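Note that the structure is predicted; figures quoted are calculated from it, not measured. Below, all heavy atoms of this structure are taken into account, side chains as well, without hydrogens, waters or symmetry copies.
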Amino acid sequence: MSNTTTNQSWGGRFSEPTDAFVARFTASVDFDRRLYHHDIRGSIAHATMLERVGVLTAEERAAIVQGLGEVEREIEAEQFPWSVELEDVHMNIEARLTEKIGVTGKKLHTGRSRNDQIATDIRLYLRDEIDVVAAELARLREGLIELATREADTIMPGFTHLQTAQPVSFGHHLLAWQEMLARDHERLLDCRKRVNVMPLGAAALAGTTYPIDRHVTAELLGFERPAENSLDAVSDRDFAIEFSAFASVLLMHLSRMSEELVLWTSAQFDFIDLPDRFCTGSSIMPQKKNPDVPELVRGKTGRVYGHLMGLLTLMKSQPLAYNKDNQEDKEPLFDTLDTVQGCLKAFADMIPAIEAKQDNMFEAARKGFSTATDLADYLVRAGVAFRDAHEIVGQAVALGLREQKDLSEMSLDELRQFSDAIQADVFEVLTLEGSVAARNHIGGTAPDQVRAAAQRARDALATLQQEA
C-alpha cells in the first residue's frame, strides 16, 4: 500500500492507515498546541546549530527561520489550520512549514526526534511559566509584608487547637503566612534549576550520528547545560513532578490561609472585612456576603494534589526510555500551572485590601484568659517553681470561669488568695498590650519585633529576586 494512505511523518513501514478513532484517541494537538511558541523557538535553535555544524546550508537555515516566523504569526492571528490527523503540535508546525518552503522544511527534523523535541518544549514552557509564578508569588509576599507592617500594633488572639491561647500581633500572624510563602518561593526557584537542563540532541533515545553541538543549542535556548544521558533525557519527567510537588505545598499553604480568612469573615469571629469585589452574595438570603475567593482557592487545592498523584502514578512503572504514557503528562501540568497562577493572582490582589476590625480582634483576645501564661511567667520570676505556678494560675482561671471574670478584671486580693507572690505590679503583665510587648525577642510578637521582622522579610525577598 502506498505511503500516501498512512501518516506522512512516520507511515513508511505501515500497510494500512490508523483507525480514525485511534487517530483521535492518540492525538495530543488539542492540548499541546499551547507549546507552539516554545516548539518554534526550539526548532530555530536546532536549525541554527545544524547550520553551524554543516548539516544545513545558510540558505536552508534562513528559509526555515523565515517560514517558522510566518507559521507563528498565523497561530497568533488564529489563522493556523490545526489538524488532528497530524497528531501533535510538532507535526502540525512542520507540515505547515513544508507547505510554505517546500522540501527544505522536511530537513528541519534532522538529528532529532519528537521524543527529545517534546521534552525540550515542556522544559522551555515550564521555565517561562515558573518565572510568571515567581513574580506573582513575590507580589503576594510584598502585599503580606506591607499589611503586616501596617498591623504590627493590632492585637488579636493567637490560637492552638482553635482555642484562645495567647495574644499576638495581627502583623505577627500575617508574617507567619509570609514565612510559608518564603519557603515556597525558594522551592520554586530551586525547582527551576532542574527544569533548566536541555534534552534536545538525545533524539529518540540514543543520540544521533550527525555531528551536532548540543552546547550551542543549549546556549541559544538559555539552558544551563545539555542533559548528560540520552535515555534519561527523553524519559525524565521529574521536573514536572517536582513543580507539581511545589504547587501542592503552595496550595496547602494558601488553603490554610483561606480557612482562616473564611473564619475571620464570619459573624462569629468578625475579625476582618474583605472588599465586595472578592465576595459574592446568596440567591435567596439577601444579607449574605460569601468569601468565595478563599473558599475556591481552598477547594482547588485538592485538584492540584490530584495532579501530583497522577504524575507520580504515570511514571511509576515506565521502563526506559520514552513511552506513549508520557503524553499524559501535559494536561495535569498545564492545569496545575493555570490553577497556581490564578490562585496567586487572586490572593495577591486580595491580601493588601484586607481591612482589620481592630476593636473586634482586641475584644476577642480579652476572652479565654489569654494572659494566663503571662501570669505563670510572672510567678516564676517571683521565685515560684513553674509547675506550682501552673497550678496557681489554673485555680485563678477556675475562679474566673465561675465568676465570669478575666484575670485582668480580678482584684489584687482575689489573685493573692492563690499566692502571696502576687503583688500590685501583676496587672502590668495581665494587659493584652503588656503581654504582646513582653515577647520582645527575634521571632516574638512585640510590635517593634514585628516591624523588624517585616523589614528582614522585605530584604530577603529582594535578595532572592536579585539572585534568581
Side-chain angles (χ1 to χ4, degrees), residues 3-4 7-13 29 32-33 35-76 80-83 86-125 127-128 196-231 233-234 321-322:
N3 187 35
T4 59
N7 185 291
Q8 64 176 359
S9 68
W10 48 257
R13 62 93 65 213
V29 67
D32 69 14
R33 67 174 65 179
L35 298 173
Y36 76 88
H37 171 74
H38 302 86
D39 191 75
I40 289 171
R41 184 180 172 190
S43 290
I44 290 173
H46 182 65
T48 301
M49 181 274 295
L50 290 178
E51 181 205 348
R52 291 191 189 181
V53 299
V55 174
L56 292 179
T57 66
E59 292 75 16
E60 289 171 332
R61 185 258 178 192
I64 287 171
V65 172
Q66 180 178 340
L68 288 172
E70 294 174 6
V71 169
E72 184 164 31
R73 287 189 288 275
E74 283 185 353
I75 295 173
E76 290 173 347
F80 186 84
W82 295 106
S83 169
L86 290 171
E87 298 184 35
D88 55 35
V89 62
H90 322 299
M91 298 316 304
N92 270 267
I93 289 174
E94 183 179 316
R96 184 61 174 153
L97 175 66
T98 301
E99 287 179 7
K100 286 181 171 293
I101 67 173
V103 69
T104 299
K106 296 183 178 182
K107 295 185 178 183
L108 173 61
H109 209 54
T110 304
R112 73 177 181 185
S113 162
R114 284 190 293 178
N115 294 356
D116 63 340
Q117 189 177 358
I118 186 58
T120 302
D121 287 0
I122 296 174
R123 285 176 181 267
L124 286 171
Y125 175 81
R127 188 180 68 188
D128 284 353
N196 202 27
V197 177
M198 188 190 73
L200 201 59
L205 78 161
T208 177
T209 58
Y210 294 98
I212 62 173
D213 189 334
R214 298 182 67 215
H215 291 284
V216 168
T217 320
E219 182 179 354
L220 290 170
L221 292 173
F223 282 111
E224 185 68 26
R225 60 178 176 85
E228 287 286 342
N229 183 282
S230 61
L231 289 167
V234 297
Y322 182 84

Could you go step by step and tell me if M91 and S83 meet the side chain to side chain contact (heavy atoms under 4.5 Å, CB included) rule? CA-CA 9 Å; M91 298 316 304; S83 169; over 6 Å; no
Test log, rule side chain to side chain contact (heavy atoms under 4.5 Å, CB included), inputs V197 and E224: CA-CA 6 Å; V197 177; E224 185 68 26; 5.6 Å; no
Going through the distances and angles, do R112 and T208 end up as a side-chain hydrogen bond (donor to acceptor under 3.5 Å, both in side chains)? CA-CA 7 Å; R112 73 177 181 185; T208 177; over 6 Å; no
Given Q117 and H109, is the side chain to side chain contact (heavy atoms under 4.5 Å, CB included) satisfied, shown in steps? CA-CA 9 Å; Q117 189 177 358; H109 209 54; 3.3 Å; yes
List the steps and the verdict of side chain to side chain contact (heavy atoms under 4.5 Å, CB included) for F80 and R33. CA-CA 11 Å; F80 186 84; R33 67 174 65 179; over 6 Å; no
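Rounded to the nearest 0.5 Å, atoms CG (L68) and OG (S43) are 5.5 Å apart. Taking CG from D39 and CD1 from I44, the interatomic distance works out to 10.0 Å, rounded to the nearest 0.5 Å. Summarising the geometry, atom CD belonging to E60 is positioned 9.0 Å from atom CD1 belonging to I101; distances are rounded to the nearest 0.5 Å. Here the straight-line distance linking atom CE of M49 with atom NE2 of H215 works out to 12.0 Å at 0.5 Å rounding. Summarising the geometry, atom CZ belonging to R41 is positioned 14.0 Å from atom OH belonging to Y125; distances are rounded to the nearest 0.5 Å. Residue H37 holds its NE2 atom at 6.0 Å from CD of E72, rounded to the nearest 0.5 Å.
In K100, the NZ atom is crowded: over 12 heavy atoms of neighbouring residues, nucleotides or ligands sit closer than 6.0 Å. Other residues, nucleotides and ligands place no more than 12 heavy atoms under 6.0 Å from the CD atom of E219.
A salt bridge does not link R73 to E76: none of the charged side-chain nitrogens sits closer than 4.0 Å to a carboxylate oxygen.
In terms of heavy atoms, L124 sits closest to L221 at CD2-O, 3.9 Å. Of all heavy-atom pairs between L50 and K107, the closest is CD1-O, 4.5 Å. Between A218 and R225, the shortest heavy-atom distance links the atoms CB-C, 4.3 Å. The minimum heavy-atom distance linking V234 with A202 is given by the pair CG1-CB, 3.8 Å. Residues I75 and I40 come closest through the heavy atom pair CD1-CD1, 4.4 Å. Across all non-hydrogen atoms, the minimal contact from P199 to T120 is CD-OG1, 3.5 Å.
Using a 4.5 Å cut-off on side-chain heavy atoms (C-beta onward), I118 and L35 make contact. Counting heavy atoms from C-beta outward, V53 and Y210 have side chains that stay 4.5 Å or more apart. With a 4.5 Å cut-off on side-chain heavy atoms, E51 and I64 do not count as touching.
Judged purely by atom type and a 3.5 angstrom limit, R96 has no side-chain atom pairing as donor or acceptor with the backbone of N92. Judged by distance alone, the side chain of D116 and the main-chain N or O of L200 form no donor-acceptor pair under 3.5 Å. For the pair R214 (side chain) and A227 (backbone), a donor-acceptor distance under 3.5 Å is present. Not one N or O on the side chain of D32 forms a donor-acceptor pair closer than 3.5 Å with the backbone of D88.
R114 forms no cation-pi arrangement with Y322, by the criterion of a distance under 6.0 Å to the ring centre and an angle within 45° of the ring axis.
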